[in-house]
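Not measured: the values here are computed from a predicted model. Chain naming here is simple, since letters A, B, ... match the order of the sequence lines and numbering starts at 1 in each.
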Amino acid sequence: MSWASDVRRMRAIAWKDLTAERRSRAVLNAVTFLGVLILMLFGFALGPDRDALRDAAAGALWLAILFSGILAFNRSYQVELDGGALESLLLYPGSRWSIFAGKLLANLAFVFLVELIVIPVAMVLFQVQFPEGWAWASQLAVLVLGTVGFVILGTFYAAMSSRSRSREVLLPLLLFPMMIPVLLGAVESSTSLLRGDPMREAGAWMGMLTAFDIIFLTAALVTFEYVIEV
Amino acid sequence: MAVGTMDLTTDVAASARGRTNWLGVAGILALAAAQLFVVVTSPPDRDMGHLQKIMYVHVPAAWNAFLAYFVVAIASLRYLWKGRQTDDLLAASAAEVGALLTGLTLALGMIWGRPTWGVWWTWDPRLTSTAVLFFIFIAYLLLRAFVDDPERRAQWSAVVGLLGALNVPIVYMSVRWWRTLHQIQSSPSTVDPAYAWGLRANAIAVLVMLIFCIRHRYESARLERGADDLVDRAALAAGRGREVTDG
Amino acid sequence: MADNSTYIFAAYAITWLTLIAYLVHLRRTRRDAERRYRDAQRATGGSI
Amino acid sequence: MTRRFGRRWALRGVSLTVASGEIVGLEGHNGSGKSTLLRIAATALRPTSGSVVIAGTPVQEDPDRARAQVGLLSFQPGLYDDLTARENLVFASRMLDLASPDINAVLERVGLLAEADERVRTFSSGMQRRLSLGRLLLQSPRILLLDEPYNSFDRQGVQLVNEIVLTVRDAGGCALIVLHDRHVAGGILDRAVRLRQGLTDPAPSGEGLEARIVEDVAGATV
């Protein structure tokens with residue numbers, strides 16, 4: 001099967017997932033509200049003191065994204081499991097990585113949409129003023145790199161957890177230990193960027209995040225057939 | 001890849017068990033000797049005095065825990081490549097022993113930290129990475145527990161094992177960056193010569209125990225799988241042999 | 001740091017306790033595995 | 001051919017050949033392994049032992065070539081409830097990498113043109129089965145594997161299925177139809193094989209479970 005037809009299949013799967021999601025929209029709203037709620041909880045937990053809140057802003061934001069975004073992954077395979085569609089999906093010719101890549105794109109769109117709401121709310125709740133000059137561009141880069149790493153592994157592990165027992169527990173247990181480097185990288189670089197990156201550490205962290213994304217995107221694409229075919 | 005049937009018969013297991021038990025006894029004796037040697041002879045450390053004796057159990061356990069995960073990764077890789085059930089059983093056995101050893105390493109790290117820094121947990125880079133490794137082990141074992149179909153369980157845990165192994169160095173690096181940026185005291189350098197010999201001896205002793213435990217657990221797993229195969233093949237033959245009655 | 005020795009003792013004690021506990025676990029799993037294997041052999045009338 | 005699920009043998013010994021141009025019925029009660037056999041033939045499931053040969057080449061060697069020729073109508077519809085009938089077929093055509101599929105013609109052929117833009121969630125099981133048939137038509141397979149195609153179908157539905165089966169056969173293909181009893185197929189079957197407790201009747205002997213569905217051009221072996 002040619003590479004081009006696999007890319008077309010990837011786009012078809014992404015289109016299918018997003019159309020299905022657009023139709024039922026409910027899950028997107030629910031996850032977004034949950035994200036905002038978690039931010040509020042952090043606000044209450046960390047106390048009204050401005051400095052404490054500002055220091056914890058990046059950490060609270062990323063934990064809100066992780067805890068709410070994770071709900072999207074199992075659901076994204078549920079759309080295949082409901083009508084027994086996974087079997088017919090596997091009967092189409094073509095390689096298996098396009099299924100993963102398609103779902104990855106759809107889940108990325110989903111999580112970015114959630115972040116579109118959650119981030120402004122976080123900036124308001126945690127009194128973080130909009131970074132002036134070019135700082136916002138690197139903050140955006142950190143956000144994208146971190147989210148990509150999160151969604152790659154989330155989509156990958158959900159291919160297993162969605163089809164096994166007690167999947168609500170299994171997915172976080174599989175995913176979150178692997179997320180440590182992303183969490184550290186994203187929170188540390190965001191926090192230091194907020195302070196104008198005094199020790200020039202953001203660049204190094206972003207390098208690590210990029211390496212993490214490349215390594216696990218490759219690993220996921222290569223091993224996905226072993227996960228989906230059995 | 002058809003399911004590889006097991007050719008294990010009881011005499012194979014019996015002869016193996018003889019050799020393994022000897023290995024177990026040797027391991028225990030080596031460990032006792034190595035520990036006795038260091039406890040008696042090692043000079044008190046400059047700043048932490050005799051507390052440094054805890055290092056002789058903590059550090060070897062940590063080294064061997066990472067080694068156990070390396071065995072899981074290699075066996076998982078070979079399973080994906082060759083599809084042999086024995087590799088799946090080896091990975092599972094190594095993961096069980098590895099998880100226990102990582103847990104022990106954590107406990108020892110905290111026991112060492114308490115008198116040294118007055119707190120049970122200090123986000124010390126090595127200790128924190130070991131904690132993450134512990135959770136990666138636990139995720140692997142839980143996945144195996146939640147999936148029943150043998151072929152699916154073997155294939156999924158192989159992939160999870162491999163991805164986990166890929167992440168170990170990244171976790172270690174990012175945790176160290178995270179801590180050294182914030183300049184807190186890290187665990188003592190474990191390389192000064194007076195210290196090294198005692199450490200190596202203990203590490204080897206723990207290694208012998210690790211190999212014994214993994215092998216022993218692996219043999220039991222093969223016996224269990226052999227029993228299942230016997231029953232399955234009998235059910236197949238019985239089904240086919242019986243005169244095909246009405247529908 | 002007077003009571004260092006209790007921590008040192010605790011470290012070695014927990015190591016041996018864990019080791020012994022696991023060896024017992026190993027022995028018990030081995031015994032169950034062997035029993036299952038013998039039962040399977042008896043039920044299937046020896047090897048196929 | 002055998003297939004085990006966990007510890008239960010779904011198929012204990014199957015040897016079945018469907019020749020090119022032949023329409024074979026596969027009878028058997030629930031749990032006799034009919035659907036398992038069909039899913040293995042369609043490469044949706046790997047056999048525990050034994051092999052599947054489609055159009056002369058073993059499936060393991062080139063699964064994509066086999067999948068391109070085989071059309072499976074599975075017991076489950078395999079459709080997306082939140083998508084409309086048209087969107088389901090658009091998706092299928094893209095996955096089959098068809099250049100310019102005539103979706104409306106297919107919808108009309110299976111009698112769903114009126115409901116083209118309604119969500120499949122609102123469809124009856126009969127309508128969902130018609131849409132699955134539509135997807136099969138898009139693929140224009142040479143080998144048809146149908147799992148109880150006549151269920152929840154009225155007379156018109158049965159006629160639609162048989163029309164499709166006959167057009168495939170006349171084009172040199174073949175069909176294996178799983179059903180409760182042969183009379184439901186309205187005389188379209190050339191012959192029927194009975195499956196009991198995962199065994200074809202007569203059950204093959206010995207370990208060699210190689211089975212052929214076709215000797216010559218278009219056919220599948222399971």
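Heavy-atom distances place both the backbone and the side chain of B:A32 under 4.5 Å from chain C. With a threshold of 4.5 angstrom between heavy atoms, B:V39 approaches chain C through side-chain atoms but not through N, CA, C or O. Heavy-atom distances place both the backbone and the side chain of B:I28 under 4.5 Å from chain C.
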* **side chain to side chain contact (heavy atoms under 4.5 Å, CB included) between C:I14 and B:V57, worked out** => CA-CA 10 Å; C:I14 191 171; B:V57 270; over 6 Å; no
* So C:W16 and B:L31, side chain to side chain contact (heavy atoms under 4.5 Å, CB included) or not? Walk me through it. -> CA-CA 10 Å; C:W16 283 94; B:L31 192 61; 3.9 Å; yes
* Take C:R36 and B:L223 through the test side chain to side chain contact (heavy atoms under 4.5 Å, CB included) and record every step on the way to the result. => CA-CA 8 Å; C:R36 259 174 69 174; B:L223 266 177; over 6 Å; no
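Taken from CG in B:L104 to OH in C:Y22, the straight-line distance is 13.0 Å, to the nearest 0.5 Å. The CD atom of B:E224 lies 11.0 Å from the CD atom of C:E34; values are rounded to the nearest 0.5 Å. With values rounded to the nearest 0.5 angstrom, C:T15 atom OG1 is found 11.0 Å from B:H58 atom NE2. Within the model, atoms OG of B:S220 and CZ of C:R28 stand 12.5 Å from one another, a figure rounded to the nearest 0.5 Å. Between the CZ atom of B:R225 and the OH atom of C:Y37 there is a distance of 13.5 Å, given to the nearest 0.5 Å. Taking CD1 from B:I111 and OH from C:Y12, the interatomic distance works out to 11.5 Å, rounded to the nearest 0.5 Å.
Put simply, of B:A107, B:C213, B:G24, B:A221, the one with the most heavy-atom pairs under 4.5 Å next to chain C is B:C213.
Summarising the local packing, CZ of B:F135 is surrounded by 12 or fewer heavy atoms from other residues, nucleotides or ligands at distances under 6.0 Å.
Side-chain contact between B:I54 and C:F9 is absent, with no heavy-atom pair separated by less than 4.5 Å.
For C:R30 (side chain) and B:H216 (main-chain N/O), a donor-acceptor pair under 3.5 Å exists by modelled atom type.
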